[in-house]
*Asks:* 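Structure below; questions to follow.
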Amino acid sequence: MDRVWLNDIKTVFPSFKVITDREKMVDYAHDEGVGSLFYPDAVVFAENEEDILEVVKIANRYSVPITPRSAGSNVVGAAVPLKGGIVLSFERMNRIVEINPVDRVAVVEPGVINYDLKQKVEEYGLFYPPDPASLDLSTIGGNVAQNAGGPSCVKYGVTKDYVLGLRVVLVDGSIIETGGRVHKNSTGYNLTSLMIGSEGTLGIFSQITLKLLPLPSYRIDFLMGFDNVKEAVSASSLLLSSSLHPVNIEFMERRAIYYARTIVSSSFLPQDAKALLLVGFDGFEPLDRVLESIDKLFSKNAKYIGVGETKQERARLWKLRRSLHDALKQVSPTMDREDIVVPISKIPDIITFVKELEKEEGFEIVVFGHMGDGNLHVDILKKDADINEWEEKRHRITEKLLKHVIELGGKISGEHGIGYLKKDYLPLGITEKELALYKGIKNVFDPKNILNPLKIF
Ligand SMILES: Cc1cc2nc3c(=O)[nH]c(=O)nc-3n(C[C@H](O)[C@H](O)[C@H](O)COP(=O)(O)OP(=O)(O)OC[C@H]3O[C@@H](n4cnc5c(N)ncnc54)[C@H](O)[C@@H]3O)c2cc1C
């Protein structure tokens, strides 16, 4: 059977659109979440919607698994071809089809890099806010499939708040258009919302219509150093209850600062800073009001306030935060990355809990992330611990953490999704009834279970 479907693929697609050599497929056998290799039988590089359709028809005919893949930057193993079959790559479907300043929309192919879209719409005086830290490599297709968030969520929300419409290739070879280019839509069930965050398990996006905003006239960032986590948390609460409406409030604890500093120079920051907030504002009103308010609110408790007004100055401040992913990987190539989200008022509670858990279990746990929306990244580092001890304890630590998150009214993933790595924990966060509904929905869209199998549940 293998040979038959592969022959069909090779007959339909010219050789420059397909690879089947094992050594050439290594990049498609893992992603940022799963490092172990799960080889597909073929990688097909779609260049347009017809290519997607052809792949789907063959896969459906022979019940071959398809794993949609854009940049492979997800951190939960969502783009790994666990059951072999076809990896359907969108890296060549990277055209911005239209930017329309009157309708305030952009129409894009799924493989457009987030950063490229941001830059392009700025030329029209427009703004696409979602900004995952991976924005210079991750794609709009992947962002929609994971409902990616980012620092600017505090003011601007996440990817789902900008998706107006989708063209979706279904596994039976039909194409649906959900939503449209309208900014309001109360027409029946919201299939666009159902597709967002579906991690490639319900349908394949061939085109995405996004809402755009006017580009703010200024943007300014402040990096603030504090003596301890408590001071940083109360500064964040103060900000959120003020009328300032920050774009982002990013947090780094002492160890996160330490590790980031191992790869990025930050001589501007005092060596003894124990906690950091990176706070951003944008808008159209005079900037003086923001500067005055920041001075009033923080001059007493922040030990350092660095200001970034130009693009270069802001990049210098953000470098520390953006380098953390690589810095932690360098210190501990093996780690469990949790992506919890709690009601904002519960942040002090969850940070205290994590620090107690760290003492109790003897593994270093680094906390950082999006304090302004309650979404914290909790990285449990293996470092040089014995592999058996690590395997024995990591599930226990994660389970204790996630159970506490749920007790606080939180969720087990704020923005990274469930994918393959978190699916065992999904039942902690949803009821049996909900899980049954998930399975029913999957069955409607993909009765043969060939679309990104073994993901989410
Ligand atoms: C350094 C770093 C920082 C990160 N920071 C953030 C962050 O701040 N916020 C955040 O949310 N995430 C973050 N991530 C995770 C990751 O970048 C996001 O999940 C991103 O949305 C994945 O996009 P991608 O293009 O790489 O998609 P991929 O990893 O290729 O795929 C992700 C999922 O989308 C599906 N998919 C891809 N294309 C399609 C399509 N056309 N149709 C249907 N399904 C499709 C895949 O099957 C898979 O399930 C970070 C990752 C890294 C490495």
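Start at 1 and go down the list; that is how both ligands and their atoms are numbered. If you read the sequence from its start, that first residue is 1, and numbering goes on from there.
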*Asks:* Test of understanding: given a 4.0 Å heavy-atom threshold, classify the contact between E199 and ligand 1 as side chain, backbone, both, or neither.
*Replies:*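 It is both parts that get close, each with some atom under 4.0 Å.
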*Asks:* Find all atoms of ligand 1 within a distance of less than 4.0 Å from any non-hydrogen atom belonging to G203, and give their numbers and elements.
*Replies:*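 In order of numbering, the contacting atoms are 43 (C).
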*Asks:* In plain terms, say whether E358 and R255 are close enough for a salt bridge, that is, a side-chain N and a carboxylate O under 4.0 Å apart.
*Replies:*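 Yes.
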*Asks:* Take atom OH of Y258 as the centre, draw a 6.0 Å sphere, and report whether it contains more than 12 heavy atoms from other residues, nucleotides or ligands.
*Replies:*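 No, because the 6.0 Å sphere around OH of Y258 holds 12 heavy atoms or fewer from other groups.
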*Asks:* Can you tell me the protein heavy atom closest to atom 34 (O) of ligand 1 and the distance?
*Replies:*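 Here the closest protein heavy atom is A145 CB, 3.1 Å.
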*Asks:* Aromatic contact between F45 and Y28, with the criterion being ring centroids under 6.0 Å apart: yes or no?
*Replies:*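 Yes, ring centres under 6.0 Å apart.
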*Asks:* Would you mind running through ligand 1 and noting each atom that sits below 4.0 Å from a heavy atom of G149?
*Replies:*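 In order of number, 7 (C), 8 (O), 9 (N), 10 (C), 11 (O).
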*Asks:* Mind checking whether N452 contacts ligand 1 via backbone (N, CA, C, O), side chain (CB onward), both or neither, at a 4.0 Å heavy-atom cut-off?
*Replies:*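 For N452, only side-chain atoms sit under 4.0 Å from ligand 1.
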*Asks:* Consider every N or O of V75 and every N or O of ligand 1, then say whether any pair is closer than 3.5 Å.
*Replies:*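 By distance alone, the answer is no.
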*Asks:* Quick one: which ligand 1 atoms are inside 4.0 Å of a heavy atom on A148?
*Replies:*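 Matching atoms, with element in brackets: 11 (O), 21 (O).
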*Asks:* If the cut-off is 4.0 Å to any non-hydrogen atom of A78, which atoms of ligand 1 fall inside it?
*Replies:*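 Reading through ligand 1 atom by atom, the close ones are 47 (O), 48 (C), 49 (O).
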*Asks:* Give me the nearest non-hydrogen protein atom to atom 19 (O) of ligand 1 as residue plus atom name, then the distance to 0.1 Å.
*Replies:*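 Ranked first by proximity to atom 19 (O) of ligand 1 is Q146 CG, 3.5 Å.
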*Asks:* Aromatic ring centroids of F205 and F90 under 6.0 Å?
*Replies:*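 Ring centres of F90 and F205 not closer than 6.0 Å.
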*Asks:* Taking heavy atoms and a distance under 4.0 Å, where does F205 meet ligand 1: side chain, backbone, both or neither?
*Replies:*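 The answer is both.
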*Asks:* Test: ring pair (Phe, Tyr, Trp, His ring centres under 6.0 Å). Region: residues 130-153. Which pairs qualify, not counting sequence neighbours?
*Replies:*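 Sorted result for residues 130-153: empty, none.
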*Asks:* What are the atoms of ligand 1, with element, lying closer than 4.0 Å to any heavy atom of R69?
*Replies:*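 Atoms satisfying the 4.0 Å criterion: 30 (O).
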*Asks:* For the 3.5 Å polar cut-off, considering only N or O atoms, please tell me whether N74 and ligand 1 meet it.
*Replies:*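 Yes, N74 has an N/O under 3.5 Å of an N/O on ligand 1.
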*Asks:* Which heavy atom of the protein is the closest neighbour of atom 40 (C) of ligand 1, given with residue, atom name and distance?
*Replies:*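 Here the closest protein heavy atom is F90 CE1, 3.6 Å.
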*Asks:* Work out whether the distance between some heavy atom of T67 and some atom of ligand 1 is less than 4.0 Å.
*Replies:*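 No, T67 has no heavy atom closer than 4.0 Å to ligand 1.
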*Asks:* Enumerate the atoms of ligand 1 whose separation from the nearest heavy atom of H416 is less than 4.0 angstrom.
*Replies:*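 What qualifies from ligand 1 is 10 (C), 12 (N), 13 (C).
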*Asks:* My understanding is that we take every heavy atom of each candidate and find the minimum distance to atom 25 (O) of ligand 1. Doing that for L88, V76, T139, which one comes out nearest?
*Replies:*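 The residue whose heavy atom sits nearest atom 25 (O) of ligand 1 is T139.
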*Asks:* To check your reading of the model: name the closest protein heavy atom to atom 22 (C) of ligand 1, its residue, and the distance in Å.
*Replies:*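 For this ligand atom, the closest protein heavy atom is S73 OG, 3.4 Å.
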*Asks:* Regarding R219 and D221, does a basic nitrogen lie under 4.0 Å from an acidic carboxylate oxygen?
*Replies:*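 Salt bridge: yes.
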*Asks:* So which heavy atom in the protein is nearest atom 44 (N) of ligand 1, and how far is it from that ligand atom?
*Replies:*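 Protein heavy atom with the smallest distance to atom 44 (N) of ligand 1: G200 CA, 3.4 Å.
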*Asks:* Check E250 with R321, please: is the shortest side-chain N to carboxylate O separation under 4.0 Å?
*Replies:*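 So R321 pairs with E250 through a salt bridge.
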*Asks:* Hey, are K439 and E434 close enough for a salt bridge, meaning a charged N less than 4.0 Å from a carboxylate O?
*Replies:*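 Answer for the salt bridge query: no.
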*Asks:* Can you sort out which atoms of ligand 1 are near S138, meaning under 4.0 Å from one of its heavy atoms?
*Replies:*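 So the atoms of ligand 1 that pass are 17 (O), 20 (C), 23 (O), 25 (O).
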*Asks:* Less than 4.0 Å is my threshold; does some heavy atom of S206 fall inside it relative to ligand 1?
*Replies:*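 So S206 does not count as touching ligand 1.
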*Asks:* Check K274 with E253, please: is the shortest side-chain N to carboxylate O separation under 4.0 Å?
*Replies:*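 No salt bridge links E253 with K274.
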*Asks:* Under 3.5 Å between any N/O of G142 and any N/O of ligand 1: does that happen in this structure?
*Replies:*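 Yes, since at least one N or O of G142 sits under 3.5 Å from an N or O of ligand 1.
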*Asks:* Is the closest basic N to carboxylate O distance between E364 and K383 below 4.0 Å?
*Replies:*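 Here E364 pairs with K383 in a salt bridge, since their nearest N and O are under 4.0 Å apart.
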*Asks:* Salt bridge check: are K155 and D282 linked by an N-O gap of less than 4.0 Å?
*Replies:*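 Answer for the salt bridge query: yes.
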*Asks:* Is a salt bridge present between E122 and K118, judged by a nitrogen-to-oxygen distance below 4.0 Å?
*Replies:*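 A salt bridge is absent here (no side-chain N lies under 4.0 Å from a carboxylate O).
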*Asks:* For atom 28 (P) of ligand 1, grab the closest protein heavy atom and report residue, atom and distance to one decimal in Å.
*Replies:*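 Sorting protein heavy atoms by distance from atom 28 (P) of ligand 1 puts G72 N, 3.4 Å first.
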*Asks:* Under 4.0 Å from ligand 1, counting heavy atoms only, is it the side chain of E415, its backbone, both or neither?
*Replies:*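 The answer is both, backbone and side chain.
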*Asks:* May I ask you to identify the nearest protein heavy atom to atom 46 (C) of ligand 1, giving residue, atom name and distance to one decimal place in Å?
*Replies:*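 Heavy-atom neighbour on the protein nearest atom 46 (C) of ligand 1: P68 O, 3.1 Å.
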*Asks:* Name the closest protein heavy atom to atom 37 (C) of ligand 1, giving the residue it belongs to and the distance to 0.1 Å.
*Replies:*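 Result: S70 OG, 3.4 Å.
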*Asks:* So for ligand 1, is I204 a polar contact partner (N or O within less than 3.5 Å, distance only)?
*Replies:*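 No, there is no polar N/O contact under 3.5 Å.
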*Asks:* Salt bridge or not for E109 and R167, using N-O below 4.0 Å?
*Replies:*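 No.
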*Asks:* Around F13, counting heavy atoms of other residues, nucleotides and ligands shown, do more than 12 lie under 6.0 Å from its CZ?
*Replies:*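 Enclosed.
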*Asks:* If we ignore hydrogens and angles and just use 3.5 Å, is the side chain of D339 paired with the main-chain N or O of H416 as donor and acceptor?
*Replies:*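 Yes, the answer is positive, given that a donor and an acceptor are paired below the 3.5 Å cut-off.
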*Asks:* Please identify which atoms of ligand 1 are closer than 4.0 Å to at least one heavy atom of P110.
*Replies:*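 Reading through ligand 1 atom by atom, the close ones are 41 (N).
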*Asks:* If we only count N/O pairs under 3.5 Å, is A79 in contact with ligand 1?
*Replies:*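 Between A79 and ligand 1, no N or O pair is found under 3.5 Å apart.
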*Asks:* Quick one: does NZ or CZ of K211 land under 6.0 Å from the six-membered ring centre of Y162, within 45 degrees of the ring axis?
*Replies:*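 Yes, K211 sits over the ring of Y162.
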*Asks:* Would you mind telling me if ligand 1 is within reach of the side chain of S134, the backbone, both or neither, using heavy atoms under 4.0 Å?
*Replies:*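 It is both backbone and side chain that touch ligand 1.
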*Asks:* Is A133 in polar range of ligand 1, meaning some N or O pair under 3.5 Å apart?
*Replies:*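 N/O-N/O distance under 3.5 Å: yes.
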*Asks:* Which atoms form the tightest heavy-atom contact between E47 and D51, and what is the distance?
*Replies:*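 The answer is N-OD2, 2.8 Å.
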